[in-house]
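Model, not experiment: these values are computed from the prediction. Computed from heavy atoms alone, side chains included, the values below leave out hydrogens, waters and symmetry copies. Lettering of chains follows the sequences in order, A, B, ..., and the numbering in each one begins at 1.
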Protein chains: 2
Amino acid sequence: MTTSLRVSRIASTDVAIPDTVSTSGTARRILEQAMRLFASSGYGSTSIRDIAEASGVQSATLYAHYQSKADILAELVLIGHTEHHRRLRAAILEAGSEPEQQLAALVRAHVLSHAEMSMLAIVANSEMHLLPDDLVGSAAALRQESTNMMIDVIQRGVDRGVFDTPDPLLAAAAIGGMGIRVASWFRPGLGWTEEELSDAYTVFALRIVGSKTVPE
Amino acid sequence: MTTSLRVSRIASTDVAIPDTVSTSGTARRILEQAMRLFASSGYGSTSIRDIAEASGVQSATLYAHYQSKADILAELVLIGHTEHHRRLRAAILEAGSEPEQQLAALVRAHVLSHAEMSMLAIVANSEMHLLPDDLVGSAAALRQESTNMMIDVIQRGVDRGVFDTPDPLLAAAAIGGMGIRVASWFRPGLGWTEEELSDAYTVFALRIVGSKTVPE
DNA sequence: GTCTATACTATGATAGAC
DNA sequence: GTCTATCATAGTATAGAC
């Protein structure tokens, strides 16, 4: 058996952008193609002309829709963080009051977000640091809020005695990290559906925090 | 209280390169500064002139030491993967024959590797995909071997009945992922030593695989 | 090995016609 | 909104003196 050793930073080829994004026409195509190119080649190695060619327009046309290359990245990073945060927030609102339910809902939303919109997640996570300070603000705030949601739920479970872990911050870092990484390797057809994946990771998370009641 | 929202992709500022790398003098300085710049700004956004200036030489001098910008990245990626693989291999050799001991040793080495050499890990993991095919080969093979080590140990624990998890591949992905992510956020002075960090992650890993004997 | 100088190409962005 | 044409700069890499 031969295994390909070609290294990509993302397994998925799906250029999914959330339905909540109303951008359409050329601007939409630019966004999608920039996302695809940023994910595969990186922001710094992707030129305005690359994006234009992939979008089927001349490079000058890009500037009728976005002020600069950095602005395109900024919009993608904001879309990614907004959608991720929206999903976590919705999940916790529907989860009931038990810490186990809340953590399960958060992890499910976190993992599904990274599995269903891998490309957007890769760009939002891996290229965000290249944005100039003035373009990064809102996304960074959303990111911090999402992290806090996870920490708070774990802390509450520990306080109530239903979780058993000495350091909620470390548990949150581990759970967050394993979910973020999903965007790099997951794609449909590997043998798991998105549901099976998120169910498995939910069990992992509940085990990490030492939950007394872990589903199987 | 005010929290800075500035986003960096790496918390550590330590330009550590493994002792096993014998490169010295100007070539060493080039390697270190390229690593620092690739980690903070990305390969595509770092120019030959940036690396030269940071290394205290003219840009033409770089070519007396490396054939191209891609060759500098290739060397860093190979160093990173070689050191990581070396540590995992050493860990498992010293671990005894029990799956719990072996998994603990692997996770400890994996996490310490990403905590002690964060910058190298970020470059090796995040920029590897930018290498042309002919420069990526050995590193990709080492990566696959490291992954297999983790999977094999978990599978063996399941087969022996000391681990309880339905899918060793998913468990390995989760454990590997949470460790890789450490390189992004960990730095000395946050409140955990590298030892405390790796101990905590070892417990997480043993919990993830459903080990019957988890240390506390 | 390191420098100065430079070739050649690619880059982000703008001007102005349609 | 989209095009052609273009500017100004920055990019990788090389030549040749010391």
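When the side-chain nitrogen and oxygen atoms of B:Ser47 are compared with OP1 and OP2 of D:dA10, none of them lie within a distance under 4.0 Å. In this structure, A:Thr61 does not reach the D:dG1 phosphate: none of its side-chain N or O atoms is under 4.0 Å from OP1 or OP2. Between B:Thr26 and the phosphate of C:dT2, there is a side-chain N or O to OP1/OP2 separation shorter than 4.0 Å.
Counting non-hydrogen atoms under 4.0 angstrom, B:Ser45 reaches nothing in the nucleic acid. Using a 4.0 Å heavy-atom cutoff across all strands shown, A:Ser55 reaches no nucleic acid atom at all.
Put simply, OH on B:Tyr63 is 16 Å from C1' on C:dC3, counting in whole angstrom units. Following rounding to the nearest Å, B:Arg29 (CZ) and C:dT2 (P) show an atom-to-atom distance of 7 Å. As a whole-Å value, the separation of A:Lys69 NZ from D:dT9 P is 19 Å. In this structure, the NE2 atom of B:His65 is 4 Å from the P atom of C:dT2, given to the nearest Å. Between A:Ile72 atom CD1 and C:dT11 atom P the separation is 14 Å, expressed in whole Å. Distance, B:Ile51 CD1 to C:dT2 C1': 17 Å, rounded to whole Å. The distance from atom CG of A:Asp50 to atom P of C:dT9 is 18 Å, rounded to the nearest whole Å. With rounding to whole Å, B:Glu53 atom CD is found 13 Å from C:dT4 atom P.
Side-chain atoms of A:Arg49 lie closest to D:dT6 of the nucleotides D:dT6, C:dA5, C:dA15. Of the candidate nucleotides D:dA13, D:dA15, D:dG1, D:dG1 has the atom nearest to the side chain of A:Ala64. The side chain of A:Gln58 approaches D:dT4 more closely than any other nucleotide in the set C:dA13, D:dT4, C:dT2. The side chain of A:Val57 lies closest to D:dC3 when the candidates are C:dT14, C:dT11, D:dC3.
Using a cut-off of 4.0 Å between Lys/Arg side-chain N and Asp/Glu carboxylate O, B:Glu32 and B:Arg28 are scored as salt-bridged. Note on A:Arg86 versus A:Glu83: salt bridge recorded, some NZ/NE/NH1/NH2 to OD/OE distance being below 4.0 Å. Between A:Arg49 and A:Glu53, none of the side-chain N atoms (NZ, or NE/NH1/NH2) sits under 4.0 Å from a carboxylate O, so this pair counts as no salt bridge.
In this structure, the side chain of A:Arg108 does not engage the main chain of A:Ser198 through any donor-acceptor pair within 3.5 Å.
A distance of 12.0 Å separates CG in B:Asn148 from CD in B:Gln155, rounded to the nearest 0.5 Å.
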